[in-house]
Amino acid sequence: MTTTTTVSEEPTATSSAPPLPGAAWTLTAVSVSTFLLMLDLTVVNVAIPDIQRDLAAPFSAMQWTLDAYALGLAALVLASGSIADRFGKRRVFAIGLVAFTLASLACGLAPSASILIASRAFQGLAAAVLFAIGPALIGDAYPGRGKGMAFGVFGAVSGMAIAFGPLIGGTLTDAGSWNWIFLVNIPFSLVALVITLIKTPSSVQRAAQRLDLPGLVLFTAGVTTLVWALLRVQDLTWTDPQVVVAGLAGFVALVAFVGVERHKGSTAMIDLSYFANRTASLFSFVTFAAGASVMAALFLLISYVQNIWQLSAFETGVKFLPLTGTLFVCAAVAGFVSDKLPPRLLIGLSQTFIATGLFLTLASGSTPETWTRLLPAMFFIGAGMGLFNPPRAALSIAVVPPSKFGAGSGINETFQQVGVAVGIAALGTAFTEFFVSKFTAGSASALLGDDTRQMAEAIASNPSALDLPGVTDPAVQEVLLSSAVSAASGALHWSMVIAGALACLSAVAGFALRRSDLYPPEPRVGATDV
């Protein structure tokens, strides 16, 4: 369903303009869809053991159920923003909701690991559309007054999804079946779709331009192959021919993309002058670093709690409630004050809190009984993530003119998703190397001899190997298990140090942001369907 709304030109700047009629419906549709997207980033982690057992799949296949979603997101998120600016944000957003609903159904009914991975990739592509356009739709619906409130709600909902994702995933998995972590998306996606088609108002479309097809193809191909190479590092090595070839192909495609865009000027999918803006460039780095540090660190922490502490999906969700509850509260607060405080203050503080929390994880013990040692770390990480999400969404469109809201949101989300992929690959590799080094240097080597490294690599790549099949002597099992737990604890601590150091750099960049680099509001002129 499409409509056309005409908005007369206003003599005053849009900084004091009221929200568009029906803006609350836009906020509702975007918030519901964002909740589902953020939920799907976290619920799968706690269900991995159940999915692996039910589908009789190898652990590498389970990694790809996570990676395929990230790959789809990274590949299409920037193109989605550009396409939305060209063909209309509301229309493309509705298409994304339809695709996400179908992908969730395919994931929930997947009879095998290969079909689940393919469905997750399709789900990631659909999520890219929604991620890229959501903040832009809010920015259009709230051109002046109410924008801080709108992004406050948006940030709180995003925080709620991250906050309760592990608990929701654990509850659905333990009480019923892992299939429901995907099927639960369907009714809510349909509600968001109906609101989008019937209730969400059109917003302003300015100077629509031709689609930059060469740029779209080159960028999508470059990011896809580069992220694929980074994800394959988890199973292979940095020097493996597959990784090297894919990485070089991605690099060449992105260099060609820059060359093409440079000659297109204002018609380019990415106006390269975006990166001449100091705040836009620094903000892109902060977004990348935040994804590479805290999101990758949480992936390792959740895996550690489940696989080393041997907790169920539900128990894992409960243990992380202090982090996720703090995240939810701080996201709500940050959203409501984000238009009253300098961006550098909230973003710089958020990264400082994250860095502090990551370093505080070094106090964690190696048994579930010591989990309370993680509480200070959880509070700081939760506060940092909560403070970051609302101003990130608002700033992603504030560093571009309103006619480029979709592209600006897409650029920022691209840096986020590539950062997550790089962080998981780098921290995952670091964790494996630290684990193997410590395990082979411990008492296990006296028992296993030449087989020590082989077992260390097996445990690092597949935590179910902690069951130590083939080792029948209880005394030997006890020694090997103790060595594995000690090595995993040490590897986790070193990985957190790396993540914390990156978060420190991100904090410095965050405090260097300048409000003077942001675009002033534009007058609202003729509108078309979006």
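None of these values were measured; they are calculated from a predicted model.
Side-chain contact between Val286 and Phe388 is present, with at least one heavy-atom pair separated by less than 4.5 Å. Within the 4.5 Å cutoff, side-chain heavy atoms of Leu105 are placed close to those of Ile186. Annotation: side chain of Gln351 is not in contact with side chain of Val294 (no heavy-atom distance under 4.5 Å). Put simply, the side chain of Leu130 reaches to within 4.5 Å of the side chain of Leu97, judged on heavy atoms. Contact annotation: the side chain of Thr196 never approaches that of Val30 to less than 4.5 Å [non-hydrogen atoms, C-beta and beyond]. Side-chain contact check for Ser33 versus Phe100: every heavy-atom pair is 4.5 Å or farther apart. When side chains are defined from C-beta on, Leu362 counts as touching Val497, because their heavy atoms get closer than 4.5 Å. Side-chain atoms of Cys330 and Thr326, non-hydrogen and from C-beta on, do get closer than 4.5 Å to each other.
The nearest pair of heavy atoms linking Gly500 to Ala355 is O-CB, 3.8 Å. Leu358 approaches Ala503 most closely through the heavy-atom pair CD1-CB, 4.2 Å. Scanning all heavy atoms of the two residues, the minimum distance from Ala430 to Ser495 falls at C-OG, 4.3 Å. Residue Ile115 comes nearest to Ala110 through the heavy atom pair CG2-CB, 4.0 Å, listed as atom of the first residue, atom of the second, then distance. Pairing each heavy atom of Ala290 with each of Ser506, the nearest pair is N-OG, 4.4 Å. Across all their heavy atoms, Ala491 and Phe431 have their closest contact at CB-O, 3.5 Å.
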task = Test Leu193 against Thr101 for side-chain contact (heavy atoms from CB on, under 4.5 Å), laying out the working first.
result = CA-CA 9 Å; Leu193 178 62; Thr101 302; 5.8 Å; no

task = Any chance you could lay out the side-chain contact (heavy atoms from CB on, under 4.5 Å) test for Leu492 and Thr361, step after step, and finish with the verdict?
result = CA-CA 9 Å; Leu492 179 71; Thr361 61; over 6 Å; no

Chi angles and distances behind the side-chain contact (heavy atoms from CB on, under 4.5 Å) call for Leu102, Val98 = CA-CA 6 Å; Leu102 295 175; Val98 172; 4.2 Å; yes

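Every ring pair (Phe, Tyr, Trp, His ring centres under 6.0 Å) that Phe434 has, sequence neighbours left out, goes to Trp494. Every side chain to side chain donor-acceptor pair (under 3.5 Å) that Ser112 has, sequence neighbours left out, goes to Ser114. For the ring pair (Phe, Tyr, Trp, His ring centres under 6.0 Å) test, residues two or more places apart in sequence or in another chain that qualify with Phe353 are Phe380. Every residue was checked against the side chain to side chain donor-acceptor pair (under 3.5 Å) condition with Ser350, not counting sequence neighbours, and none meets it. Listed by chain and residue number, Gln123 satisfy the side chain to side chain donor-acceptor pair (under 3.5 Å) test with Arg120 (two or more places apart in sequence, or in another chain).
Arg278 places a side-chain N or O within 3.5 Å of a backbone atom of Ala512 that can act as its donor or acceptor partner.
Between the OG atom in Ser293 and the CE atom in Met496 there is a gap of 10.0 Å [rounded to 0.5 Å]. Expressed to the nearest 0.5 Å, how far CG of Leu137 lies from OG1 of Thr26 amounts to 6.5 Å. Taking CZ of Phe283 as the start and CZ of Arg344 as the end, the distance is 15.0 Å to the nearest 0.5 Å. Atoms CG and CG, from Asn185 and Leu190 in turn, are 10.5 Å apart once rounded to the nearest 0.5 Å. Here the straight-line distance linking atom CG of Leu116 with atom CG of Leu55 works out to 6.5 Å at 0.5 Å rounding. Taking CG of Leu37 as the reference point, atom CZ of Phe35 lies at 11.0 Å (rounded to 0.5 Å).
Note: Trp178 and Phe182 have perpendicular aromatic rings, judged against thresholds of 30 and 60 degrees for the angle between ring planes.
Note on residues 376-394: pairs passing salt bridge (Lys or Arg N to Asp or Glu O under 4.0 Å), not counting sequence neighbours, are Arg392-Glu413.
Within 6.0 Å of CZ on Phe511 lie more than 12 heavy atoms contributed by other residues, nucleotides or ligands.
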